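One structure below.
Only a predicted model underlies this, so the values are computations on that prediction, with no experimental measurement involved. For ligands, and for the atoms within them, numbers begin at 1 and follow the listed sequence.
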Amino acid sequence: MSDARALARAYLEQQRLMGGNAVVLAGDPTSSPPPSAAHPPTPPDPEPRASDRDVTAFEPPPPGLSFDPPAGDLFSSDPIQQAADLQVIDRLVAACTKCRLCESRTHTVPGEGPADARLVVVGEGPGRTEDATGRPFVGQAGELLTKILAAIELPREQVFICNVVKCRPPENRAPQYDEIAACAPYLFRQLELLAPKVILAMGGTAAQALLDTKQALGALRNKLHRFRGIPLIVTYHPAALLRNPNWKRPTWDDVRIARRLLDR
Ligand code: URA
Ligand code: SF4
């Protein structure tokens, strides 16, 4: 098979994954130009939207919330604030008993990825597979996340992936307010150490914890928020996409905005 055909096939698979309309190629698929790395593929859409424009013409969404929690302080005696690198955070999390979620966990799931990652993805909390392995987003939702990242040409290995709470809530219930409050300092310190170019908050729990708000996900999407000055985009949680495929299209729009912010 020619390269052009392979590219066309990969492109159509991306469209299908992200909820694009069915495409029927008339004639030879090799005659249409393949998507190039410089211009990420856009879904087939008769109505051009702002997000479909060229990278050079990219206009970010309107400004949203900005949250600036106090930064680590040299004179603090709090070991989280003093953590010098991500491995120290991992060790503190492994020994943590700050909330009731420590009682039912098998493994803590602090997050993983390179210390120089330009994108950080934040989910809600570990599920069953994550609790069993100690790794974030490795179950069904994780597989979808890996595909979403691949669709914006980001190998998962280049992204730091973590959660708001580092221990699995029993029966995958949503983390409670006091559990989030107890665990958030780990996430905040991780973000401070990572200093990524863009943060992608997946789902309401991540968005609300990172922006210190109770606003619903729908009101937070499609705005350019900031966490300690770092651009932050809100989108649906991959587990929600598995339940509601109609949200794939807006998620595709959101992650393309994140991609373009990374490319700026
Ligand atoms: N859902 C999450 O929010 N995080 C994971 O790590 C896995 C599933
Ligand atoms: Fe500690 Fe967070 Fe686990 Fe609670 S969820 S025990 S705060 S690491």
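- From R135, atom CZ reaches atom OG1 of T129 across 11.0 Å, with rounding to the nearest 0.5 Å.
- With hydrogens and angles disregarded, a donor-acceptor distance shorter than 3.5 Å links the side chain of Q190 to the backbone of P110.
- Annotation: the span from W252 atom CH2 to I152 atom CD1 amounts to 8.0 Å, rounded to 0.5 Å.
- With rounding to the nearest 0.5 angstrom, the CD1 atom of I148 is 4.5 Å from the CE atom of M202.
- Between F137 and ligand 1, an N or O atom pair is found at a separation short of 3.5 Å.
- When atom types are taken as modelled, the side chain of E124 and the backbone of V164 share no donor-acceptor pair closer than 3.5 angstrom.
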- Item | Residues R91, Q87; criterion side-chain contact (heavy atoms from CB on, under 4.5 Å); working and verdict | CA-CA 6 Å; R91 287 199 291 276; Q87 286 71 39; 4.1 Å; yes
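- In this structure, G125 counts as a contact residue of ligand 1, since one of its heavy atoms falls inside 4.0 Å of the ligand.
- Only protein N, O or S atoms were considered, and those under 2.8 Å from atom 3 (Fe) of ligand 2 are C167 SG.
- Considering NE2 of H237 and CG of L145, their distance stands at 8.5 Å, rounded to 0.5 Å.
- Judged by distance alone, with hydrogens and angles left aside, the side-chain atoms of K197 form no donor-acceptor pair with the main-chain N or O of R118 at under 3.5 Å.
- At the shortest separation from atom 4 (N) of ligand 1 among protein heavy atoms lies N163 OD1, 2.7 Å.
- In this structure, the separation between CD1 on I199 and CZ on F160 is 12.0 Å, given to the nearest 0.5 Å.
- No heavy atom of R135 sits closer than 4.0 Å to any atom of ligand 1.
- Short contacts between ligand 1 and P136, defined as distances under 4.0 Å to a heavy atom of the residue, involve ligand atoms 6 (O).
- At a heavy-atom distance under 4.0 Å, atoms from both the backbone and the side chain of E124 approach ligand 1.
- By the 30° and 60° cut-offs, the orientation of the rings of F227 relative to F188 is tilted.
- Which parts of ligand 1 touch H237 is read off a 4.0 Å heavy-atom cut-off, strictly below it: atoms 1 (N), 2 (C), 3 (O).
- Close approach of ligand 1 to G123 (heavy-atom distance below 4.0 Å) involves ligand atoms 3 (O).
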